[in-house]
Amino acid sequence: MKKAVFLDRDGTLNIDHGYVHTIDQFQFIDGSIEALKALQEMDYALVLVTNQSGIARGYFTEEQFNQLTEWVDWSLEDRGVHLDGIYYCPHYPEGIGEYRQECNCRKPKGGMLLEAINDLNIDAKQSIMIGDKLDDVLAGRAVGVGCTVLVRTGKPISTEIEKEANYVIDSIADLPELVRQIHSSKFKK
Ligand SMILES: O=P(O)(O)OC[C@@H](O)[C@H]1O[C@@H](OP(=O)(O)O)[C@@H](O)[C@@H](O)[C@@H]1O
Ligand SMILES: [Mg+2]
Ligand SMILES: [Zn+2]
């Protein structure tokens, strides 16, 4: 079994301009690519788990999402970062057509993470969920992820919400250092 970092997208990997769906709108957060590279070198599988209710809301199509995702994936590969899995939820309970669903994949539910855990043989306990919203923390917790991390690069987070995560850091750029510290403090025990 392998350990993984479950990565939220908007607000964590890229700036959340609100329902980002074009290459022009997609801005990697400073230091995010380098952080992913470092985590990959620490033997973490990298798994993207993103709510894309903009599809169900009719703001953009699944096809547009897939095109952008392909660009993101290749931009990362270009910089030596391989995403082991990409999972997205296109649904919304008040959405349109086939996307109007009370699904099990939209965070805070754990469906996307669970699918990845099964597909990629991931050890949830050894894994990390990082995101910018309480829903990310709750999704991680729902599947028994060992460590939940909130970043301050996305939606504003209240002190009440901060208490729900195991750690709060300024940006995903700080995650490799946090992981190193966690590992070294475990050794000392
Ligand atoms: O952060 P991840 O999961 O990667 O993606 C979230 C996005 O799909 C969008 O999620 C929306 O929330 P609702 O889906 O409308 O609740 C809003 O927060 C948007 O600003 C945001 O772009
Ligand atoms: Mg987010
Ligand atoms: Zn869904």
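Note that these values count all heavy atoms, side chains included, but never hydrogens, waters or copies made by symmetry. One is the number of the first residue; the rest follow in order along the sequence. Whatever order the structure lists ligands and atoms in, that order sets their numbers, starting from 1.
At a cut-off of 3.5 Å, with distance as the only test, no side-chain donor of Gln101 or Tyr92 sits close to an acceptor on the other residue. With 3.5 Å as the limit, one finds a donor-acceptor pair spanning the side chains of Gln27 and His17.
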Handout entry: Check against side-chain hydrogen bond (donor to acceptor under 3.5 Å, both in side chains), His82 and Gln40
Key = CA-CA 8 Å; His82 175 68; Gln40 179 176 276; over 6 Å; no
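Under the salt bridge (charged side-chain N to carboxylate O under 4.0 Å, His left out) criterion, the residue pairs touching residues 153-177 are Asp16-Lys155, Arg141-Glu164, Arg152-Glu162, Arg152-Asp170, Glu160-Lys163, Glu177-Arg180, with sequence neighbours excluded.
Between Glu34 and Arg79, at least one side-chain nitrogen of the basic residue sits less than 4.0 Å from a carboxylate oxygen of the acidic one, meeting the salt-bridge criterion. The pair Lys2-Asp84 fails the salt-bridge criterion, with no side-chain N (NZ, NE, NH1 or NH2) lying under 4.0 Å from an Asp/Glu carboxylate O.
Here the SG atom belonging to Cys147 is positioned 6.0 Å from the CG atom belonging to Leu178, to the nearest 0.5 angstrom. Atom CG of Leu48 and atom CG of Asp8 lie 8.0 Å apart (nearest 0.5 Å). In this structure, the separation between NZ on Lys3 and CD on Gln126 is 7.5 Å, given to the nearest 0.5 Å.
Within the 4.5 Å cutoff, the side chain of Thr153 has no heavy atoms near those of the Ile172 side chain.
Protein residues having at least one heavy atom under 4.0 Å from any atom of ligand 1 are Asp8, Arg9, Asp10, Asp16, Gly18, Tyr19, Thr50, Asn51, Gln52, Ser53, Arg57, Arg106, Lys107, Lys133, Lys155, listed by chain and number.
Annotation for Tyr19 and Gln25: closest pair O-OE1, 4.1 Å, computed over non-hydrogen atoms. Closest of all the heavy-atom pairs between Ile130 and Ile169 is CD1-CD1, 4.2 Å.
Excluding waters, the set of protein N/O/S atoms under 2.8 Å from the Zn ion (ligand 3) reads Cys89 SG, His91 ND1, Cys103 SG, Cys105 SG. Protein atoms that are N, O or S and lie under 2.8 Å from the Mg ion (ligand 2) are these: Asp8 OD2, Asp10 O, Asp132 OD1.
Using a 30° and 60° split on the angle between ring planes, Phe60 and His21 fall in the parallel class, below 30°.
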